[in-house]
Structure formats: structure tokens, C-alpha cells
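Just so it is clear: chains get the letters A, B, ... in the order the sequence lines come, proteins before strands, and each one is counted from 1. The shown structure was predicted, so the numbers you read here are calculated from the model rather than taken from an experiment.
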There are 2 protein chains.
Amino acid sequence: MKKQEYTEKQIRMARYAKALGNPARVAIIDFLARQETCFFGEIHEQLPIAKATASQHLSELKEAGLIQGEIMPPKVKYCINKENWMEAKALFGEFFGQCVCKNRQCCG
Amino acid sequence: MKKQEYTEKQIRMARYAKALGNPARVAIIDFLARQETCFFGEIHEQLPIAKATASQHLSELKEAGLIQGEIMPPKVKYCINKENWMEAKALFGEFFGQCVCKNRQCCG
DNA sequence: TGATTTGTTCGTAATTTTACGAATAAATTT
DNA sequence: AAATTTATTCGTAAAATTACGAACAAATCA
């Protein structure tokens with residue numbers, strides 16, 4: 001019998017994972033997670049990519065819910081979205097906690 | 001000054017995250033993490049996708065190092081790759097632990 | 001031996017991702 | 001008002017992802 005759908009958790013996990021599935025986006029989060037101030041320019045300075053590309057990656061992280069932006073003309077301030085960050089943290093925690101590897105022979 | 005490269009950790013994080021960036025692959029891991037036996041057929045049964053596609057997703061998970069396969073003619077047994085699983089777990093744990101959100105105002 | 005079971009690989013198509021420079025928009029500075 | 005600063009959006013191109021059915025390979029069963 002074929003499963004009809006994925007669970008909501010699986011879909012959300014995949015969504016967050018996908019957002020983190022690029023070194024530039026991981027680097028952006030690494031940076032944002034440790035900074036008080038986080039203007040676009042500062043973020044872009046950390047990355048070996050063009051401005052347009054950095055902006056695109058920030059959009060994807062925002063779309064995924066991991067970060068949020070606030071316009072402070074003429075700059076834009078970005079930061080971690082706390083609520084979704086916590087959700088992602090919990091999802092990944094649960095995900096990586098579920099393996100019963102230690103209790104069995106596994107392959108090989 | 002532009003950063004020249006991403007760190008090894010960032011690259012590895014992104015690699016694991018990317019592998020988990022699809023609901024089918026999350027579902028596969030969810031299943032494998034809880035099963036003693038894990039033949040291809042059983043895995044495929046859980047998924048709303050074609051055999052060829054399931055095989056492809058398993059390849060990607062294997063390539064990323066999260067799972068491993070063992071041929072048991074005429075079947076193929078898959079399971080979590082413990083060593084890399086632990087590494088990924090540690091990487092994600094560290095990643096999600098680094099946010100200083102709680103100690104600051106953040107955006108808004 | 002021939003048929004069946006099991007899973008991968010091939011060929012292909014549609015979509016998404018990643019990246020860049022140029023153009024643009026919005027506010028500030030001169 | 002004109003020039004500058006800041007960041008996004010546009011247009012585009014190359015590559016990767018996702019999906020499928022058909023063909024194939026490898027071992028077992030009848």
C-alpha cells in the first residue's frame with residue numbers, strides 16, 4: 001500500500017533543510033546568529049558572491065521563515081526569526097534524536 | 001573585504017541540509033531511523049513516488065553519507081550511516097545552538 | 001531453462017536553483 | 001535639484017533537481 005502523502009512535519013523539515021542546503025545561506029545564518037547588527041551590506045561583505053545573489057539568498061531564507069528583514073532607510077536590517085528558528089531547532093532535534101542506531105546491528 | 005571561501009563546517013552543513021531538503025528524503029530517513037529491516041521495497045512502499053524516483057533519492061542520501069546500502073540478493077538493504085549521522089547531528093546541534101536571539105532585541 | 005522478483009540505470013522533460021551584471025527604487029547627502 | 005548610497009528586482013544563462021516509464025541486470029523460483 002502506497003503512502004498517500006508526507007506528514008506536515010516532514011514537509012516543514014524539508015523546507016527548513018532546503019533553505020539551509022547552500023553554503024552561502026548557512027554562512028548567512030552563522031553570521032546573523034552571532035551579530036547584534038546585521039545590515040545587508042555587512043552580510044554581503046562576508047560572502048564570496050555578488051550583491052544580487054546575496055539578496056536572493058536572503059529572500060529564500062526569509063521565505064523559509066528563518067530570518068526576517070526590517071527596512072531602515074537607506075539600509076535593511078536582517079535578523080533571525082526567533083519563533084521559526086525555535087521550531088526548526090525543535091524539528092531537527094527530534095529528527096536527529098529518533099535514530100535507534102545504537103540499539104541494533106544495522107547494515108554491515 | 002570579501003570572504004574568500006566558506007568554512008568546511010558550512011560546506012558540510014549545507015551538504016547534509018541539502019540532502020534533507022526534500023520531503024521524500026526526510027520520509028526515507030524517518031522510516032530508516034526506526035526500522036530494523038529496511039529493504040528497498042519496504043521503503044518504496046512508504047512513499048508516494050515511483051520506484052525509479054525512490055531509488056534516485058536513496059542514491060542522493062547515500063552520496064551525502066546519511067545512509068548506506070548493502071546488497072542481499074535479490075534485495076538491497078538500506079540503513080542509517082551511523083558515523084555520518086552522528087556528525088550531522090552534531091553539526092546541526094551546534095548550528096541551532098549558536099543563536100544569541102534570547103540575549104538581544106533583534107529586529108522589531 | 002524460462003519466468004519472476006528486485007532494484008538500478010537510462011533517457012527524457014519540466015521545473016528550480018544559482019549566479020551575474022544592469023537597471024531600478026528609495027532615501028540621504030551635497 | 002543632482003549626486004550618492006543602499007539594496008532589490010529584472011533579465012538571462014547554465015546547471016541541478018525531480019519525476020516518470022522503459023529497459024536492463026542479477027539472483028531466485030518453477
Side-chain angles (χ1 to χ4, degrees), chain A residues 2-6 10-11 13-29 31-32 35 37-64 66-79 107, chain B residues 2-6 10-11 13-29 31-32 35 37-64 66-79 107:
Chain A
K2 182 141 299 190
K3 206 186 203 177
Q4 289 309 296
E5 279 299 338
Y6 302 112
Q10 286 168 343
I11 291 168
M13 263 291 298
R15 193 167 136 85
Y16 285 128
K18 187 174 187 178
L20 297 175
N22 176 288
R25 294 196 292 270
V26 171
I28 288 170
I29 299 278
F31 185 69
L32 283 183
Q35 302 292 318
T37 60
C38 40
F39 292 114
F40 172 82
E42 301 177 78
I43 297 168
H44 175 227
E45 269 179 8
Q46 308 297 313
L47 305 170
I49 54 179
K51 240 180 352 171
T53 308
S55 189
Q56 211 171 262
H57 283 305
L58 284 163
S59 278
E60 281 166 55
L61 287 170
K62 201 159 62 174
E63 184 99 8
L66 288 173
I67 67 172
Q68 58 192 295
E70 188 186 0
I71 297 172
M72 296 178 70
K75 299 191 176 185
V76 177
K77 187 177 168 186
Y78 281 101
C79 65
C107 292
Chain B
K2 181 140 298 190
K3 207 184 199 177
Q4 289 309 297
E5 280 300 337
Y6 301 111
Q10 285 168 344
I11 291 168
M13 263 291 298
R15 194 168 135 85
Y16 286 129
K18 187 173 186 177
L20 297 174
N22 177 287
R25 293 196 292 270
V26 171
I28 288 170
I29 299 279
F31 186 70
L32 282 183
Q35 302 290 319
T37 61
C38 40
F39 293 114
F40 172 82
E42 301 178 78
I43 297 169
H44 176 226
E45 268 178 7
Q46 308 296 314
L47 305 171
I49 54 179
K51 238 180 355 170
T53 308
S55 188
Q56 211 171 262
H57 282 305
L58 285 163
S59 279
E60 283 167 55
L61 286 171
K62 201 160 61 173
E63 182 99 8
L66 288 172
I67 67 171
Q68 57 191 294
E70 189 185 0
I71 297 172
M72 296 178 71
K75 299 192 179 185
V76 177
K77 187 177 170 187
Y78 281 102
C79 65
C107 292

Exercise. Counting N and O atoms only, with roles assigned by atom type, does the side chain of A:R25 sit under 3.5 Å from a partner on the main chain of A:A19, one being a donor and the other an acceptor?
Worked result: yes
Seminar exercise, completed: To the nearest angstrom, the CD1-P distance between A:I67 and D:dA7 comes to 13 Å
Exercise. What is the per-nucleotide protein-contact pattern of nucleotides 20-30 of chain C, from the 5' end, where B denotes a base atom under 4.0 Å from a protein heavy atom, S denotes such proximity for sugar-phosphate atoms only, and - denotes neither?
Worked result: BB-----S---
For this session: Please identify each residue that fulfils side chain to side chain contact (heavy atoms under 4.5 Å, CB included) with B:T53, with sequence neighbours left out.
Result: B:I49, B:A50, B:H57
Problem set entry | Among C:dG7, D:dT8, D:dT18, the one nearest B:K75 by side-chain distance | C:dG7
Problem set entry | Integer-rounded Å distance: C:dT8 C1' and B:F39 CZ | 17 Å
Exercise. Quick one: is B:H44 getting a side-chain N or O under 4.0 Å of the C:dT6 phosphate, OP1 or OP2?
Worked result: no
For this session: Just jot down the side chain to side chain contact (heavy atoms under 4.5 Å, CB included) partners of A:K62, sequence neighbours excluded, or say none.
Result: A:I67, A:Y78
Problem set entry | Nearest-angstrom distance from the residue atom CG of A:L20 to P of C:dT18 | 12 Å
For this session: Write down the distance between NZ (A:K77) and P (D:dT5), rounded to a whole number of angstrom.
Result: 23 Å
For this session: Return yes if some donor-acceptor pair links the side-chain N/O of B:Q35 with the main-chain N/O of B:L32 below 3.5 Å, else return no.
Result: no
Exercise. Which value, rounded to the nearest 0.5 Å, describes the distance between B:K77 atom NZ and B:F39 atom CZ?
Worked result: 6.0 Å
Seminar exercise, completed: In whole angstroms, the gap separating C1' of C:dT18 from CG of A:L61 amounts to 14 Å
For this session: Provide, to the nearest angstrom, the distance between the NZ atom belonging to B:K18 and the P atom belonging to D:dA15.
Result: 14 Å
Problem set entry | Whole angstrom value for the distance that separates C1' of C:dG7 from CD of B:E45 | 14 Å
Exercise. Are any non-hydrogen side-chain atoms of B:Q56 and B:E60 less than 4.5 angstrom apart?
Worked result: yes
Exercise. Taking atom CD1 of B:I29 and atom CD of A:Q10, what is their separation to the nearest 0.5 Å?
Worked result: 11.0 Å
For this session: Specify the separation, in whole Å, of atom CG of A:L58 and atom C1' of D:dT6.
Result: 14 Å
Problem set entry | side-chain N/O B:N22 vs D:dT17 OP1/OP2, d < 4.0 Å | no
